[in-house]
There are 2 protein chains.
Amino acid sequence: MTEVHTPDWVKHAVFYQIFPDRFAKSAALPKPRNLEAWDAPPTIEGYKGGDLLGVVEHLDHIQDLGVSAIYFTPIFQSASNHRYHTHDYYQVDPLLGGNKAFATLLDECHRRGLKVVLDGVFNHASRGFFQFNDILENGPHSPWIDWFTVEDWPLSPYDGSKPANYLGWVGNRALPKLNTDNPEVREFIMQVAEFWIRQGIDGWRLDVPFEIRTEGFWAEFRQRVKAINPEAYIVGEIWYDSRPWLQGDQFDAVMNYLFTESAMAFAGGPRVLADQVVGRSYHPIPALTGTQYADKIDWLLALYPWEIQLTQLNLLDSHDTARMISIVGGDTASVRLAALLQMTYPGAPSIYYGDEIGLPGTNYDPDTRRGMPWDQPESWDMDLLAYHKQLIAMRNAHPALRTGAYHRLYADDVSYAFARTDEAEALLVAANTGEEAREIIVQTGEHFPEGAELAVLYGTAGAHVEDGKVRITVPARDGVVLHVAL
Amino acid sequence: MTEVHTPDWVKHAVFYQIFPDRFAKSAALPKPRNLEAWDAPPTIEGYKGGDLLGVVEHLDHIQDLGVSAIYFTPIFQSASNHRYHTHDYYQVDPLLGGNKAFATLLDECHRRGLKVVLDGVFNHASRGFFQFNDILENGPHSPWIDWFTVEDWPLSPYDGSKPANYLGWVGNRALPKLNTDNPEVREFIMQVAEFWIRQGIDGWRLDVPFEIRTEGFWAEFRQRVKAINPEAYIVGEIWYDSRPWLQGDQFDAVMNYLFTESAMAFAGGPRVLADQVVGRSYHPIPALTGTQYADKIDWLLALYPWEIQLTQLNLLDSHDTARMISIVGGDTASVRLAALLQMTYPGAPSIYYGDEIGLPGTNYDPDTRRGMPWDQPESWDMDLLAYHKQLIAMRNAHPALRTGAYHRLYADDVSYAFARTDEAEALLVAANTGEEAREIIVQTGEHFPEGAELAVLYGTAGAHVEDGKVRITVPARDGVVLHVAL
């Protein structure tokens, strides 16, 4: 097995995920006429006209949260509001402000110490992508015919009543699959990856990378990206057991939906609405007891090397799911509990824009991609915003929450407790998903010194280590975080 | 009327027109697999893989001809071998070597003193062009809907059995017409024009510019281009009377097909094959007598200001016509005669690649766009090549052939003679399209000094001015050029 190295900065990062069409719109960029109203319910095909200078203008909000990195869903020229239908991998979408606005954004982020990770959609392109369009235009004469997989003629790119006759991602004719077995295509993608790393981005989030089965593809990708920036972050979108990609020779991490589903099933419990999670590749149903959650976490932490665990991208929701607040029917306590588990877990937490203010979003496209309601402060859950700032500040203040060892301490039907420890400090985190306050007695083992006074970082009361255990009262549907310096 | 200024360099230039997919192919650029054999008959949709480094590698050939400027048919990213279906106005086609190869070409041309004019296709784009593709993908939701003219839904871009429901050039659904009445589109095109002028190109040839009827469009285009480079050349593709565009406020010139048709009808006479000129917007049939030709030229020279005449682009054929050698059924003498008229006429002669070696090409796409037979020197008409070099050298050596006044001197059924004069020299050009040598007596008027000995620049014998006239024997189907310094 390859020795595993992952980027140190990710281990200490908190991410903020931005869906660029919906985050913020700058008056500094001219806009075409036919845009949807910012505050209107989003649609599958409509654009609201968010842009990258809009992001620049709201970096204070992001930094005030305590965030240190931004992960953008795709920004390259694309004929779709989510921009997963890439038209040109070298151009930032003109509606976002083009390459010029991106350069401004990248400079300003770096000036503030914020890292920038872009979404790389390399499995498939779009019907307007140059080389595919050439096949549509010239048929068997196209020089680019080997860039995709044509099965028969004629092609039917837009008429769904006829066979497409080319390979598309999950059979979607809008997304012709790039033929990465063609060395020209493979090299094309490698050069795109290198280009943007050279432009200064800090990493790639890879869309559906499991679909690319070309031998050695992702290993080469890693080598070429890391050759330019050894600290670049490579995180794959894989929702399930990702061991084949997390051996140190391919990705640094994946989007940790295995954590998502467990945290949600434990924190949300029976509140998780089936229609809000159906059709997505994760399973926050059935509800998990504390013991079941503890077992899941034990399994998950054993699945990958610790160096990988430290850079996993831990999210509660994303542009690809309903927002958790809507999944649990508006139950803020569930969101708070899940966020507590997320912010105290190894790996980089990622907050989907708007989650910090309780923005709703039902399953999933288009509602989960609403315009960020900058102009409707009355709609913001200010308590939830303060809570996020508090948790992130706590994580940022305590290295053991980021890189400290993880120890399961306690679990029962509704409760779970664990420790995060390094040489300098030990933290005890407990969660109670029950409807009533609960007193638990936690065996602290060797992780906390006998007689130590544990101070409150989050919660209402500290605790005292006596006879190798602490007695804690965890409020109903809430948690505590206690701390002692070593 | 605006005072008319046209670029001085054009008045002294000889152009060479290159169709990039067919001129030359460099081994320095990787190629996709599915290309047509270079020497195989060209097809409507196939690519041969010519590129811009191939041009660089053959600049000696071009310069040896005596040429001083190159006009390229389109080079921007396009899903067609002729590249009139623009996919991206800011990218040179990857098959041509991309923007990098173009920068190399431009540098090398300028180092050699060669000007470079590009083809601007601004009336329409293509089905893969980003903003149009977005309309195909998102329908009425597209922010770019005003960039084109949608007449109804749904659109049918590829299925010809259904109405396209959008405006295309000459009803061609492959070529969606840009809505230049939309200020965003107008500005987009202006910025494209400015961008490439700033990159260093020396002018724009404008494809079907008469189709853009937006008030003030071409006047703004001229102002913005000339603001960056006052010596930039703007030449429109208009085959007919172009007075509306040649008042000094829009184009410097047009592609002078009115000259083409007259020179061909006179030089080729009854040899012009109807099936080789049918369907094109010029009329080299019926044949012209010398007198008729003289009248046509008088009319043509009176049509536009003299400053415009000096920069007209005078061609015998192009990628849009059969080659003259094929139009006249292989009669080289017709080609030679026409070239003599072209090379002694005011305005910049333009040689379509391969014409100088007698490359055939029947009406019109694809055969008129054959691969330049670099590897088949036995197919070259070396006499014709030498003849072109001779005529161009003559034009380059005698300023009066470029900017001197033009005087009709003589015309009869088969012959025509004229003078080109400036303060330093006077030239007499005579052509005989007849099947027998012809002695003509030409009144030289005030244009040649009494008693002057006219030296032979082209032909077999000089002449002596006596009693205000010269007696010249013009060989059958040939011409003479005589000269005297003043």
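Reminder, nothing fancy here: chain letters follow the sequence lines and each chain counts from 1.
At a 4.5 Å heavy-atom cutoff, the contact between B:Tyr158 and chain A is made by side-chain atoms alone. At a 4.5 Å heavy-atom cutoff, B:Ile44 makes no contact with chain A through either its backbone or its side chain. Interface remark: A:Pro157 contributes side-chain atoms only to the contact with chain B (heavy atom separation under 4.5 Å). Using a 4.5 Å cut-off between heavy atoms, B:Lys31 contacts chain A through its backbone alone, with no side-chain atom that close. Contact annotation for A:Gln77: both backbone and side-chain heavy atoms come within less than 4.5 Å of a heavy atom of chain B. The part of B:Phe129 that comes within reach of chain A is its backbone (N, CA, C, O), which places non-hydrogen atoms under 4.5 angstrom from that chain. When heavy atoms are compared at a cutoff of 4.5 Å, B:Ser78 approaches chain A solely by way of its backbone atoms N, CA, C and O. Neither the backbone nor the side chain of A:Asn182 comes within less than 4.5 Å of any heavy atom in chain B.
Ranked by non-hydrogen atom pairs under 4.5 Å with chain A, the options B:Leu155, B:Leu95, B:Asn81, B:Asp88 are led by B:Leu95. Residue with the most contacts toward chain B among A:Asn133, A:Ile135, A:Asn138: A:Asn138 (heavy-atom pairs, distance under 4.5 Å). Between chain A and the residues B:Gly139, B:Ser126, B:Pro140, B:Ser142, the most heavy-atom pairs under 4.5 angstrom are made by B:Ser142. Among B:His85, B:Glu184, B:His141, the residue making the largest number of heavy-atom pairs under 4.5 Å with chain A is B:His141. Per-residue counts of heavy-atom pairs under 4.5 Å with chain A were compared for B:Thr43, B:Leu136, B:Leu35; the largest is that of B:Leu136. Comparing B:Gly49, B:Pro94, B:Ala174 by how many heavy-atom pairs each has under 4.5 Å with chain A, the most go to B:Pro94. The candidate from A:Pro32, A:Gly128, A:Pro143 with the greatest count of non-hydrogen atom pairs under 4.5 Å with chain B is A:Pro143.
Distance NZ/A:Lys177 to NE2/A:His124: 9.0 Å, rounded to 0.5 Å. Once rounded to the nearest 0.5 Å, the distance linking CZ of A:Phe195 with CZ of A:Arg198 reads 9.5 Å.
At a threshold of 4.0 Å, the pair A:Asp93-A:Arg83 counts as salt-bridged, since one of the basic side-chain nitrogens sits closer than that to a carboxylate oxygen. Salt bridge B:Asp159/A:Lys162: present, at least one basic N to carboxylate O contact under 4.0 Å.
Contact check for A:Tyr166 versus A:Arg127: side-chain heavy atoms found under the 4.5 Å cut-off. Residues A:Phe23 and A:Ile18 have side chains in contact (heavy-atom distance under 4.5 Å, counting atoms from C-beta outward). For the pair A:Leu178/A:Asn123, no side-chain contact is recorded, criterion being any heavy-atom separation below 4.5 Å from C-beta on.
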Residues B:Glu151, B:Leu167; criterion side chain to side chain contact (heavy atoms under 4.5 Å, CB included); working and verdict | CA-CA 7 Å; B:Glu151 295 164 325; B:Leu167 223 56; 3.2 Å; yes
Apply ring-ring contact (aromatic ring centres under 6.0 Å, His included) to the pair A:Phe188 and A:Trp147, showing each step before the final yes or no.
-> CA-CA 10 Å; A:Phe188 173 84; A:Trp147 278 49; 5.1 Å; yes
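Screening A:Tyr89, A:Phe76, A:Tyr90 against A:Trp196 for a ring-ring contact (aromatic ring centres under 6.0 Å, His included) leaves a single residue, A:Phe76.
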